Structure formats: structure tokens, C-alpha cells
Amino acid sequence: MKLLERKELNFTPIFLIVNAVLLMLLLFIEILNFARIATFSKTKASTLVELSDGESIRVIPIGSLERSPQAITYFVGQTMTGLLSWNALPKPSDDYKIDPTKQLKLDPGISTSKAKITTSAWASGFALSEDFRAPFLEEISNLTPPDVFNGSTQSILKVSLISQPTRIKDGQWKVDMVAEIVVFQGSNLVGKPIAFNKTVFVRAIDTAAPPRFASDVQETASRVRKAGLEIYKIQDLDL
């Protein structure tokens, strides 16, 4: 009768074998993943970018709060020059060419609460933070001679030194600038210098593309802020 008894199957060895096969398969997949990750890590980041007009430029990858020292000093120099170089005379362009037989079309300026500033200074003002822009443009209107708008007076910002940026914290820097505002009035081609020695505080910002049907103001603001930087404070330089 014992020969006719049904033996029970033991599935434990089969389970162990299948489990071992699955573990080996998972290990093989992990090794492949590590190998591919190692390959990607050795791959150089793309440094060639093609612009919309077909021009190709070299770039380097940086963090969202990082800016190169060259970009910061260039931004500060360009912005301060735009804010403090006053001239109401038109510049020749493809759309507008000076006709010596006609009266020059002077810049009428932009009115503030107390006086006026040049249109170029107003445009450069978009490089300032919003809480700082209005009071600083008011100060510029106090400095701008009224004769600028009849073409008899103009100024340039003569920069002697822009220091290397000093990091304050992530995404914020300060730059020392030694300069003079040289004002030329009438036939005085020597000019009257006004010292302008300041510490300029700069921070990184995110910039959005202008809307498809942007107004002139939106396009101006987008153009000035495309560097991804803004000035949020200017104080006297401690010499």
C-alpha cells in the first residue's frame, strides 16, 4: 500500500533557483545602468549654440545664480553709462538719417515728478530693480541739466575703474566703480567733471521672453534685462 501513496512535490529548490536567476538578471541590468551613467558623465557638455540668425557661438554651462565676472562688469559699465551719459541729439540709423537741411529732431525726454531725463537714461533704468528704479531716476532728473533737451549740453560717463565683482552671497555681488560725469555746455569742449565714485550692488534674475505682440516698452525692458542681472542698490564708495 505504501507504494501506491502519492508523494508531495517540494517546490523550495525550484523557488530558490528562480529567485537566483532573477537576482542575477537584476544585477546584470544594474551593471549596464552604471556603465551607461559612467559614459554620460565622461561626455563633454555641448559648447556650441546656434542663434536664430544662423550664427554659432561658444557657451559654457553655469548655474542659474552664477554669472561670470566679465558679464557682471560689462553689465555694470553699460548700465551706468546709459544712465549717466545724457544727449538729446538723434543718432543716425537705418530708419533715421540726419538731414543737414532740416532742423534736428531732439529727444523730448521723459518726465519724472520733478524734472526730465533722457529717453536713453529711462531705457537703461529697466536694468534697476523695481523698488530702486523710480527713486534713482528721480535723482538723475535732478542732475540732468535742462539745456540737455535743447541740444546745447551733453554729458559722458568717464569710467576710470570697475573692480572685479565681490560675491556677497549666491547670486549677489558688489562692484566698485571710480568714474566722473563730464558735462559739456555750449562751446565748452573741456567739460566740467563731477566725481561719481560708487559701489554698485548686482544680483542675478530670471528673465522671461517678451510676449509675441510686445509693446515698445516691453521690448525695451526685455532688451535691457536680457543679461539676467539687475542693480538693486548704489552707495557711495568708501575710498
Side-chain angles (χ1 to χ4, degrees), residues 49-55 57 59 64 67 71-157 159 177 179 181 183-184 196 200-234:
V49 173
E50 185 174 306
L51 304 180
S52 59
D53 60 359
E55 181 185 357
I57 59 173
V59 298
S64 60
R67 300 291 185 273
I72 296 171
T73 53
Y74 178 80
F75 169 78
V76 170
Q78 287 291 103
T79 300
M80 300 310 297
T81 298
L83 288 168
L84 298 168
S85 296
W86 310 313
N87 190 340
L89 299 176
K91 296 180 180 179
S93 65
D94 293 337
D95 299 329
Y96 179 79
K97 296 181 180 180
I98 297 177
D99 186 348
T101 64
K102 298 181 180 179
Q103 186 176 2
L104 293 177
K105 184 179 179 181
L106 300 177
D107 176 17
I110 303 294
S111 297
T112 65
S113 63
K114 297 179 181 178
K116 290 198 301 184
I117 58 176
T118 62
T119 302
S120 61
W122 167 82
S124 298
F126 286 108
L128 309 177
S129 65
E130 197 56 35
D131 59 335
F132 180 62
R133 184 171 66 92
F136 190 75
L137 292 183
E138 289 286 356
E139 289 297 323
I140 291 179
S141 70
N142 293 333
L143 292 173
T144 305
D147 289 342
V148 164
F149 301 101
N150 62 28
S152 63
T153 299
Q154 56 184 312
S155 76
I156 62 169
L157 181 68
V159 179
M177 184 177 74
I181 304 172
V183 180
F184 303 93
F196 192 85
V200 182
F201 294 82
V202 184
R203 63 188 172 203
I205 58 171
D206 292 327
T207 56
R212 182 177 179 184
F213 300 104
S215 65
D216 292 341
V217 175
Q218 289 173 320
E219 289 182 351
T220 300
S222 178
R223 172 176 54 81
V224 172
R225 297 176 70 83
K226 68 180 180 180
L229 292 164
E230 70 177 9
I231 295 172
Y232 65 93
K233 184 169 67 171
I234 299 175

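It should be emphasised that the depicted structure is a prediction, and the values quoted were computed from it without experimental measurement.
- With S222 contributing its side chain and E219 its backbone, the two residues share no donor-acceptor pair below 3.5 Å.
- For T119 (side chain) and P108 (main-chain N/O), no donor-acceptor pair under 3.5 Å exists by modelled atom type.
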Table please: side-chain donor-acceptor pairs of residues 123-135 below 3.5 Å, with sequence neighbours left out.
unit_1 : atom_1 : unit_2 : atom_2 : d
S124   : OG     : S120   : O      : 3.1
S129   : OG     : D131   : OD1    : 2.7
E130   : OE2    : R133   : NH2    : 3.0

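- Checked by atom type and distance alone, the side chain of T220 pairs as donor or acceptor with a backbone atom of D216 at under 3.5 Å.
- A distance-only check finds no donor-acceptor pair linking the side chain of E138 to the backbone of T112 [under 3.5 Å].
- Scanning both residues, V217 and W122, for their nearest heavy atoms gives CG2-CH2, 4.1 Å.
- The side-chain heavy atoms of M80 and L157, taken from C-beta on, include a pair separated by under 4.5 Å.
- Distance check: I231 CD1 to T79 OG1 gives 4.5 Å after rounding to the nearest 0.5 Å.
- R67 contributes atom CZ, which lies 10.0 Å from atom CZ of F75 (distance to the nearest 0.5 angstrom).
- Closest approach of L83 to A121, counting heavy atoms only: CD2-O, 3.5 Å.
- In this structure, CD on E139 lies 11.0 Å from CD1 on I234, to the nearest 0.5 angstrom.
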For side-chain hydrogen bond (donor to acceptor under 3.5 Å, both in side chains), just list the numbers for T118 and D107, CA-CA rounded to whole Å, side-chain angles, deciding distance to a tenth of an Å, and then say yes or no. CA-CA 7 Å; T118 62; D107 176 17; 4.8 Å; no

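- In terms of heavy-atom proximity, S141 sits nearest to A115 at O-CB, 3.7 Å.
- Rounding to the nearest 0.5 Å gives a distance of 8.0 Å between CD1 of I181 and CD1 of I140.
- Side-chain contact between V148 and N87 is absent, with no heavy-atom pair separated by less than 4.5 Å.
- Residues W86 and I117 form no side-chain contact, since every pair of their non-hydrogen atoms from C-beta on lies 4.5 Å or further apart.
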Criterion side chain to side chain contact (heavy atoms under 4.5 Å, CB included) on L229 and I205, from CA distance to verdict: CA-CA 5 Å; L229 292 164; I205 58 171; 5.5 Å; no

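- The CZ atom of R223 sits 14.0 Å away from atom OG1 of T207, with the distance rounded to the nearest 0.5 Å.
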